[in-house]
Amino acid sequence: MYSDTDIQYALEVTQILHEPDRRIDTFGSTSFEFHLVSELMDSVGQCRVRNGTIEAQRPMILRPEGMGEFEFDGFGAQAGDFADWFKRNIRDLSILKYGFQFKRTDVRESLVHDPLETVCGRIVDEVRAANTPQTAVICGVDDTWEICLLKFTIDMIQKSSGINLFDFKRRGLL
């Protein structure tokens with residue numbers, strides 16, 4: 001179980017050294033490969049490298065459909081006007097829901113006997129040379145590495161949401 005301090009620390013020190021060129025697809029699922037590098041807490045000059053896959057599911061539109069009906073007891077006509085406005089504009093209040101699947105079975109670990117900066121630099125160089133648009137390189141904390149990976153997913157959602165909203169609006173879904 002992670003403490004609030006552990007989570008906060010992991011979120012603050014996690015660095016995305018190489019982010020995928022691709023974003024989360026609006027109308028399909030998207031797979032991201034990751035290399036998460038962390039320095040071992042009790043061994044100087046040793047790093048753990050975790051490799052795996054995260055799948056981002058297609059974003060879903062959530063609409064507050066059930067919020068269209070109001071009862072205003074003791075309010076005047078302005079409350080009714082607000083309810084009418086709300087019903088007309090409810091589509092503008094839609095939000096996107098993102099889902100990720102973290103496949104533990106796809107995670108592989110290896111120990112590397114080099115300093116953190118050397119390992120991170122080497123992996124970033126390899127990923128750039130391979131030119132794979134769906135690969136991320138993350139530097140994080142060893143014992144809270146899953147939190148570091150979740151930070152990456154949150155970053156991807158933030159960077160994808162504007163594109164996804166544009167795509168939904170362009171197709172008349174929002």
query: Can you check whether Ser43 reaches His113 side chain to side chain, under 4.5 Å on heavy atoms?
result: no
message: Could you work out, with salt bridge (charged side-chain N to carboxylate O under 4.0 Å, His left out) as the rule, every residue matching Arg122, not counting sequence neighbours?
response: Asp114
message: Does any part of the side chain of Glu39, heavy atoms only, come nearer than 4.5 Å to the side chain of Gln46, both counted from C-beta?
response: no
- request: Begin with the C-alpha distance, continue with both residues' side-chain angles, and end with the deciding distance and a verdict on side chain to side chain contact (heavy atoms under 4.5 Å, CB included) for Cys139 and Leu116.
  value: CA-CA 9 Å; Cys139 182; Leu116 182 68; 3.8 Å; yes
task: Run the salt-bridge test on Lys159 and Glu19 with the 4.0 Å N-O cut-off and return the result as yes or no.
output: yes
query: Would you say Thr153 and Ile54 make side-chain contact, with heavy atoms under 4.5 Å?
result: yes
query: Which heavy-atom pair separates Arg22 from Thr30 by the least distance, and what is that distance?
result: NH2-CG2, 3.6 Å
message: Suppose we screen for side-chain hydrogen bond (donor to acceptor under 3.5 Å, both in side chains). Which residues come up paired with Arg58, at least two apart in sequence or across chains?
response: none
query: Of the non-hydrogen atoms in Phe32 and Met156, which two are nearest, and what is the gap between them?
result: CZ-CE, 3.6 Å
- prompt: By side-chain hydrogen bond (donor to acceptor under 3.5 Å, both in side chains), which residues pair with Thr14, not counting sequence neighbours?
  reply: none
- prompt: So if you build clusters from Ile, Leu, Val, Met, Phe, Trp, Tyr with side-chain heavy-atom gaps below 4.5 Å, do Ile123 and Phe152 land together?
  reply: no
query: Applying the 4.5 Å side-chain criterion to the ILVMFWY set and letting contacts propagate, would Val127 and Ile16 be lumped into a single cluster?
result: no
Hey, can you pull the donor-acceptor pairs under 3.5 Å for the side chains in residues 130-138, sequence neighbours left out?
from	atom 1	to	atom 2	distance (Å)
Thr132	OG1	Thr135	OG1	2.8
Gln134	NE2	Glu33	OE2	3.3

- prompt: In terms of hydrophobic clustering (I, L, V, M, F, W, Y; side-chain heavy atoms under 4.5 Å; direct or indirect links), are Val49 and Val107 co-clustered?
  reply: no
- prompt: Looking at Thr53 and Phe34, what are the two nearest heavy atoms and their distance?
  reply: N-CE2, 3.5 Å
field: Cluster check Val37, Val124: I/L/V/M/F/W/Y, side chain < 4.5 angstrom
entry: yes
query: In terms of hydrophobic clusters joined by side-chain contacts under 4.5 Å, are Ile157 and Leu149 together?
result: yes
- request: Starting at CZ of Arg50, measure out to OG of Ser38 and round the result to the nearest 0.5 Å.
  value: 4.5 Å
field: NZ on Lys151 to OG1 on Thr144, rounded to 0.5 Å
entry: 12.5 Å
statement: Output for pair (Cys148 SG, Ile7 CD1), nearest 0.5 Å, gives 11.0 Å
Under 3.5 Å, sequence neighbours excluded: what are the donor-acceptor pairs made by side chains of residues 164-174?
from	atom 1	to	atom 2	distance (Å)
Asn164	OD1	Tyr98	OH	2.6
Asn164	ND2	Ile24	O	3.0
Asn164	ND2	Thr26	OG1	2.7
Asp167	OD1	Arg170	NH2	3.3
Asp167	OD2	Thr26	OG1	2.6

query: Going by side-chain heavy atoms closer than 4.5 Å, which hydrophobic residues are tied to Tyr9, directly or by a chain of links?
result: Val13, Val141
query: How many angstroms lie between atom OG of Ser160 and atom CG of Asp25, to the nearest 0.5 angstrom?
result: 8.5 Å
message: Quick check: closest heavy atoms across Pro115 and Cys47, and the distance to 0.1 Å?
response: C-SG, 4.0 Å
query: How long is the span from the CZ atom in Arg48 to the CG atom in Asp143, to the nearest 0.5 Å?
result: 10.0 Å
task: State whether the number of non-hydrogen atoms from other residues, nucleotides or ligands found under 6.0 Å of Asp21 atom CG is greater than 12.
output: yes
Pairwise side-chain contact, Leu40 with Leu111, heavy-atom cut-off 4.5 Å (strictly under): yes
task: Under the side chain to side chain contact (heavy atoms under 4.5 Å, CB included) rule, what do Leu11 and Ile147 come out as? Steps first, then yes or no, please.
output: CA-CA 7 Å; Leu11 293 173; Ile147 303 299; 4.0 Å; yes
